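Worksheet: the structure to be examined is printed underneath.
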Amino acid sequence: DSGVTQTPKHLITATGQRVTLRCSPRSGDLSVYWYQQSLDQGLQFLIQYYNGEERAKGNILERFSAQQFPDLHSELNLSSLELGDSALYFCASSVGGGGETQYFGPGTRLLVL
Amino acid sequence: AQSVTQLDSQVPVFEEAPVELRCNYSSSVSVYLFWYVQYPNQGLQLLLKYLSGSTLVKGINGFEAEFNKSQTSFHLRKPSVHISDTAEYFCAVHAGGTSYGKLTFGQGTILTVHP
């Protein structure tokens, strides 16, 4: 158990819908990262938040947004969902904002029908 | 920008045999390197990491990796594998010295250990 929690574990929804994925980092960690894992794209970095502020952005679609709250938990919002958004979404956390070890949650598996 | 190439998508091996999973990276700056393992239906677990210092890094579960700057490689090795090592392994690179934590992952290598 990494100490990073993600909810829900599974999510099934329809095209055009909006969903919210939630992540709670390890106690004491200030950074939260979101990654997408799909068969065709592999593991892709989406976005990083550090102590409530956006720190780095990767291949995140405009339909996707994220935020980190004062209690340091984070939410990833996916809207206007398409079939291709079906993937495993991982949250990770680390103590600082640089190259420290990232601890990964169990992931949320999203299926868009 | 950084990139990572894992040279083998699948590696089958018999139990108690040695294994090497290959990873090459590309970067214009110094890097930190990581190996993660993903068991079925689970998240990623850190095996080992190279930040600086000794180029031979030892990790959990008997794995080790060697950083080779001239060949831009970070191959993962284990002298004797077990059935329980069956999993997918990911090599990842971070642009060292930066203030952000983005990891760039390779495509993964599925290690299958046969009895």
Side-chain angles (χ1 to χ4, degrees), chain A residues 1-7 9-10 21 23-26 29-51 53-60 68 74 87-109, chain B residues 1-10 23 25 27 29-53 57-60 63 65 67 74 87-110:
Chain A
D1 184 357
S2 66
V4 179
T5 60
Q6 290 187 248
T7 56
K9 287 187 177 179
H10 302 277
L21 312 183
C23 168
S24 292
R26 294 187 324 152
D29 284 0
L30 296 178
S31 269
V32 169
Y33 310 81
W34 288 97
Y35 291 87
Q36 180 194 59
Q37 185 179 34
S38 61
L39 284 175
D40 53 345
Q41 296 292 324
L43 262 167
Q44 299 274 320
F45 168 76
L46 295 178
I47 197 163
Q48 176 194 0
Y49 278 82
Y50 177 77
N51 204 20
E53 295 192 0
E54 183 182 303
R55 176 63 69 95
K57 218 169 190 177
N59 301 321
I60 187 166
Q68 186 179 28
S74 177
L88 194 50
Y89 291 85
F90 285 112
C91 169
S93 72
S94 67
V95 172
E100 297 85 3
T101 298
Q102 293 180 26
Y103 296 87
F104 282 75
T108 292
R109 187 171 294 280
Chain B
Q2 292 73 43
S3 66
V4 179
T5 302
Q6 291 184 240
L7 298 163
D8 306 293
S9 59
Q10 296 192 49
C23 171
Y25 69 91
S27 176
V29 298
S30 61
V31 296
Y32 300 154
L33 293 157
F34 303 81
W35 274 100
Y36 281 86
V37 60
Q38 184 179 25
Y39 298 103
N41 300 314
Q42 293 187 28
L44 281 75
Q45 179 183 1
L46 180 70
L47 276 178
L48 48 79
K49 61 184 177 183
Y50 171 80
L51 303 182
S52 64
V57 180
K58 293 190 184 296
I60 62 171
F63 284 94
F67 170 60
F74 191 54
E88 188 161 16
Y89 292 78
F90 292 92
C91 181
V93 63
H94 171 270
T98 58
S99 62
Y100 57 87
K102 170 188 173 182
L103 289 177
T104 300
F105 285 89
Q107 288 296 311
T109 297
I110 297 174

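Because only heavy atoms are used, hydrogens play no part in the values below, and waters and symmetry mates are left out as well, while side chains stay in. Worth saying up front: this structure is predicted, and the values here are computed from it rather than measured. Per chain, numbering begins at 1; letters A, B, ... match sequence-line order.
Interface residue A:Gln41: only backbone heavy atoms are found under 4.5 Å from chain B. For A:Tyr50, no part sits under 4.5 Å from any heavy atom of chain B, backbone or side chain. Using a 4.5 Å cut-off between heavy atoms, A:Ile47 does not touch chain B at all.
The list of salt bridge (Lys or Arg N to Asp or Glu O under 4.0 Å) pairs with a residue in residues 35-45 of chain A, not counting sequence neighbours, is empty. Among residue pairs with one or both ends in residues 32-46 of chain B, none qualify as salt bridge (Lys or Arg N to Asp or Glu O under 4.0 Å); sequence neighbours excluded.
Taking CD from A:Gln37 and CD from B:Gln38, the interatomic distance works out to 4.5 Å, rounded to the nearest 0.5 Å. Atom-to-atom distance recorded for A:Thr101:OG1 and B:Tyr36:OH is 6.0 Å, nearest 0.5 angstrom.
Within residues 42-49 of chain B, the residues that have a heavy atom under 4.5 Å from a heavy atom of chain A are B:Gln42, B:Gly43, B:Leu44, B:Leu46, B:Lys49, listed by number.
Within 6.0 Å of CZ on A:Arg26 lie more than 12 heavy atoms contributed by other residues, nucleotides or ligands. Counting heavy atoms of neighbouring residues, nucleotides and ligands inside a 6.0 Å radius, atom CG of A:Leu39 does not exceed 12 of them.
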What side-chain donor-acceptor pairs closer than 3.5 Å can you find for residues 101-110 of chain B, not counting sequence neighbours?
residue  : atom : partner : partner atom : Å
B:Thr109 : OG1  : B:Gln6  : NE2          : 3.2
B:Thr109 : OG1  : B:Asp8  : O            : 2.6

